[in-house]
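Notes follow the structure.
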Amino acid sequence: MPELPEVETIVRGLREALTGLRIRAVHLRNSKIVRNSPALFRRSLTGARICAVRRQGKFILIDLESARTLVIHLRMTGQLILVPERAPVDQHTHVLFDLTPEGRQLRYRDVRKFGRLEIQEPGWPLPHLTALAPDPFELSARELFLKLREKKRAIKPLLLDQNFLSGLGNIYVDESLYRSQIHPLTPANGLSEVQAGRLHRVIRRVLRQAILAKGTTVSDYRGPEGIIGGFQHFLRVYGCTGEPCRVCGTPIQKSRVGGRGTHSCPGCQSLPKLPPANQA
DNA sequence: GACAACCTGACC
DNA sequence: GGTCAGGTTGTC
C-alpha cells in the first residue's frame, strides 16, 4: 500500500496528534506482527512518552523519551489510525495503544498481516534502517547519476530497491518513468546525465504533488484520521491500462518487469538499444 | 534474475 | 478454480 507520500502523510498526522502524549497501555491481539517478544514490546512502550515522529524511506519511527524508538513498516495493507478508545475493534486490528491524556487510541490494522512493528534500543540501530538508502529528497541529481552509472540492472527494479534509493514503490516508479520517458527495462548505466537529471526532477515533482494530495488511494490506503488520498486522480499510467497516452495517444500497456505489474507507454518510452545480436 | 513465501480479499 | 494486489525477504 504505502509508498513515500502515503507514509509522509501518516507521519505528519501522527506527529501532530501524538507528540508529547504518553502510551498508557498496549494491547497485543496478534503477536506475529511484533518482532520483539510481547513482554519486551509491552515493557518498552507502557508509560513511555512520545517525543517525535519521523519517516525514513517507508519506515515510520516513533521516538520515545527513553531513547528507544518504535519502528513500523506497513508493507502492503498496514494502517495506523486514531480512533476513540471505545470504537469497535475489527478482526484486522492487531495492536492498540491507549494514549494519555487523550481519549483516542492509536491502532495498527493490517488485513494481510505483512507489516511489522519493532522496538529499536538506544545504540542498536536496526539493520533494516542502516541498510536503507537515502530517499529522492536526500540526494542530488548528480549523486543519483553517479549511482546509476555503477549499475547495469534495469532501471525499474533498481528504483524499487530500497537499498539503492528509498521511498519509491510500484505506483510512483511507473509514474516517474513514464513522465521521464524512460523505458522500465533501460539499463541504469545506459542513462545519460541529462536523462538522470530529468528523472531526478520528475521523481521529486511527482512525490511532492502526491504528498500535497495526501497520498494515493487505490484500495486500502487511509491517513491516520481515516481519510483517503487524492493523487489517484492524477495518475497517468498506473492503473490506466488500455487508455490512450495523453501525449501520443498510444494505448497504455501493462507488462511484467522484475515480477511487478508495470504500466508504460510503448510510444513515449522506448528502449534505446535493442538486446544485442538480433539482426542478420 | 526469476520465483516462492508471507496473508487476505476482490474480481473473473 | 485461478489471478491479481501499493512490499520485502529468502531461496534456487
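Naming convention: chains lettered A, B, ... in sequence-line order (proteins, then strands); numbering from 1 in each chain.
Computed from coordinates, the K156(A) NZ to dA2(B) C1' distance equals 16 Å when rounded to whole Å. Following rounding to the nearest Å, D110(A) (CG) and dC6(B) (C1') show an atom-to-atom distance of 11 Å. If you measure from atom NZ of K113(A) to atom P of dG9(B), you get 9 Å, rounded to the nearest angstrom. In this structure, R116(A) places its CZ atom 8 Å from C1' of dC6(B), rounding to the nearest Å. One atom, CG of L74(A), and another, C1' of dA5(C), lie 16 Å apart when rounded to the nearest Å. Taking atom CG of residue L165(A) and atom C1' of nucleotide dG7(C), one finds them 15 Å apart after rounding to whole Å. Atom-to-atom, CZ of R256(A) to C1' of dG1(B) comes out at 15 Å; the value is rounded to the nearest Å. Atom CG in N170(A) sits roughly 13 Å away from atom P in dC4(C) (whole-Å rounding).
With DNA chain B read from its 5' end, the first of the two nearest nucleotides for R75(A) and Q91(A) is the one closest to R75(A).
A close approach under 4.0 Å does occur between a side-chain nitrogen or oxygen of K58(A) and OP1 or OP2 of dT8(C). Under 4.0 angstrom from either OP1 or OP2 of dG7(C) there lies at least one side-chain N or O belonging to R260(A). Listed pair H92(A) / dT8(B) fails the phosphate criterion, with no side-chain N or O lying under 4.0 Å from OP1 or OP2. A sub-4.0 Å separation between OP1 or OP2 of dG7(C) and a side-chain N or O of Q162(A) is absent.
No engagement by G259(A) is indicated, since no non-hydrogen atom pair under 4.0 Å with the nucleic acid exists. Across all strands, Y172(A) comes closer than 4.0 Å to no nucleic acid atom at all (heavy-atom distances). Using a 4.0 Å heavy-atom cutoff across all strands shown, G115(A) reaches no nucleic acid atom at all. Using a 4.0 Å heavy-atom distance criterion, V218(A) is classed as a base contact. Nucleic acid contact class of T216(A) (heavy atoms, under 4.0 Å, all strands): base.
Considering D161(A), T186(A), T262(A) in turn, T262(A) is the only one that fulfils the side chain to side chain donor-acceptor pair (under 3.5 Å) rule with K156(A).
As rounded to the nearest Å, dA2(B) and dA5(C) have P atoms that lie 16 Å from one another. The separation of dG1(C) from dC6(B), taken at their C1' atoms, amounts to 22 Å, rounded to a whole angstrom. Taking the P atoms as reference points, dG10(C) lies 15 Å from dC7(B), given to the whole Å.
In this structure, dC4(C) forms a base pair with dG9(B), meeting either the Watson-Crick or the G-U wobble geometry with both donor-acceptor distances under 3.5 Å.
Which of dT8(C), dG1(B), dA5(C) sits closest to the side chain of R153(A) comes down to dG1(B). Side-chain proximity of K32(A) to the nucleotides dG7(C), dT8(B), dC7(B) is greatest for dC7(B). Of the candidate nucleotides dG1(B), dG9(B), dC7(B), dC7(B) has the atom lying nearest to any side-chain atom of R112(A).
For the pair T19(A) and C51(A), the minimum side-chain heavy-atom distance is 4.5 Å or more. In this structure, the side chains of L106(A) and I81(A) stay at 4.5 Å or more apart for every pair of heavy atoms. Between D63(A) and I50(A) there is no side-chain heavy-atom pair separated by less than 4.5 Å.
Ring pair F59(A)/H73(A) is perpendicular by interplanar angle, where above 60° counts as perpendicular and below 30° as parallel.
At distances below 3.5 Å, at least one donor-acceptor pair connects side-chain atoms of E3(A) with backbone N or O atoms of Y172(A).
Judged by centroid separation below 5.5 Å and plane tilt below 30°, F114(A) stacks onto the base of dC6(B).
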